[in-house]
Amino acid sequence: MKICEQLHIVKGITAVIGSGGKTTLLRILAEELSGTVILTTSTHILPFAGIPMLVTDDIEQVRRALALHRVICMGTPAAEGKLTTPALPFSVLADAADYVIVEADGSKRLPLKFPNNTEPVLLPEIRHIFVVAGLSGLYRPAEQVCHRWALARERLPKLPENMDEAAVAELLWAGYGSYHPQFILNQADTPALRQAGEHIAALLQERGAEAVYILSLKEMGLHYV
């Protein structure tokens, strides 16, 4: 079964936040979803290799591009070759495409993340939210694997210096639980990491998580908890 089916991705605007595989997930969803797809951001992303990039404030140009390519990447050029929020509102883009997938958080390519007060950037049009975290951060020094670790320790002083399962669950729930997201525990690339993911999933569900998915984007496999 495709990942988009397992995650029950629905038409409209979906935000992907957190760390540890967001950009990879966007590309996989774009490849799997059967309708037209716009990949974009409310913060910053790099353009996707092999996917046409469109910079415009003309919705008809967007429709023409989707008719030609099915999947496009949209944004406004920013520093370092990145894209930032597109000129057209997400709600307008959703009128042109079946799916608008928004990367709405940055993580400095680390597997774990604790957001500050300005993150993630979730605009009112966004209704479906997935938080990604990388299990490769487990059992390693937190300052090496967690973006904004100093802030996390300030807010959650009982967190250990090495990220065990309980610490990852607490980090994710404290950082993102208020958004009522579904959680994706990525990088379950070994039986041991999958088992650890199941423990984290149970801890998140004890706190009230709606759904937790354990997967390996590397293997393109998925396990639902």
- Basic-acidic side-chain contact under 4.0 Å: E60, R63: yes
- Query: Is a salt bridge present between D105 and K22, judged by a nitrogen-to-oxygen distance below 4.0 Å?
  - Reply: no
- Query: Distance only, no hydrogens: is a donor on one side chain within 3.5 Å (strictly under) of an acceptor on the other, for E119 and Y176?
  - Reply: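 No, because no side-chain N or O of E119 sits under 3.5 Å from a partner of the opposite role on Y176.
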Examine distances only and state if a side-chain atom of [X] and a backbone atom of [Y] form a donor-acceptor pair shorter than 3.5 Å.
X    : Y    : result
N186 : G20  : yes
E103 : L26  : no
R140 : N162 : no
R70  : A30  : yes
T14  : H128 : no
T84  : T43  : yes
T76  : T85  : yes
R27  : A49  : yes

- What pair of heavy atoms forms the shortest contact from L46 to K82, and how long is it? CD2-CG, 3.6 Å
Heavy-atom side-chain proximity of [X] to [Y] below 4.5 angstrom:
X    : Y    : answer
Q187 : L193 : no
Q182 : V131 : no
F90  : T40  : yes
L93  : I13  : no

- Task: Sequence neighbours left out, what pairs pass side-chain hydrogen bond (donor to acceptor under 3.5 Å, both in side chains) with at least one residue falling in residues 46-57?
- Result: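 Counting only pairs at least two positions apart or across chains, the side-chain hydrogen bond (donor to acceptor under 3.5 Å, both in side chains) contacts touching residues 46-57 are T56-Q61.
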- Starting at NE2 of H199, measure out to CG of L204 and round the result to the nearest 0.5 Å.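 Answer for the NE2-CG pair, H199 versus L204, is 10.0 Å.
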- Task: Please name all residues satisfying side-chain contact (heavy atoms from CB on, under 4.5 Å) with P77, sequence neighbours left out, ordered by chain then number.
- Result: V55
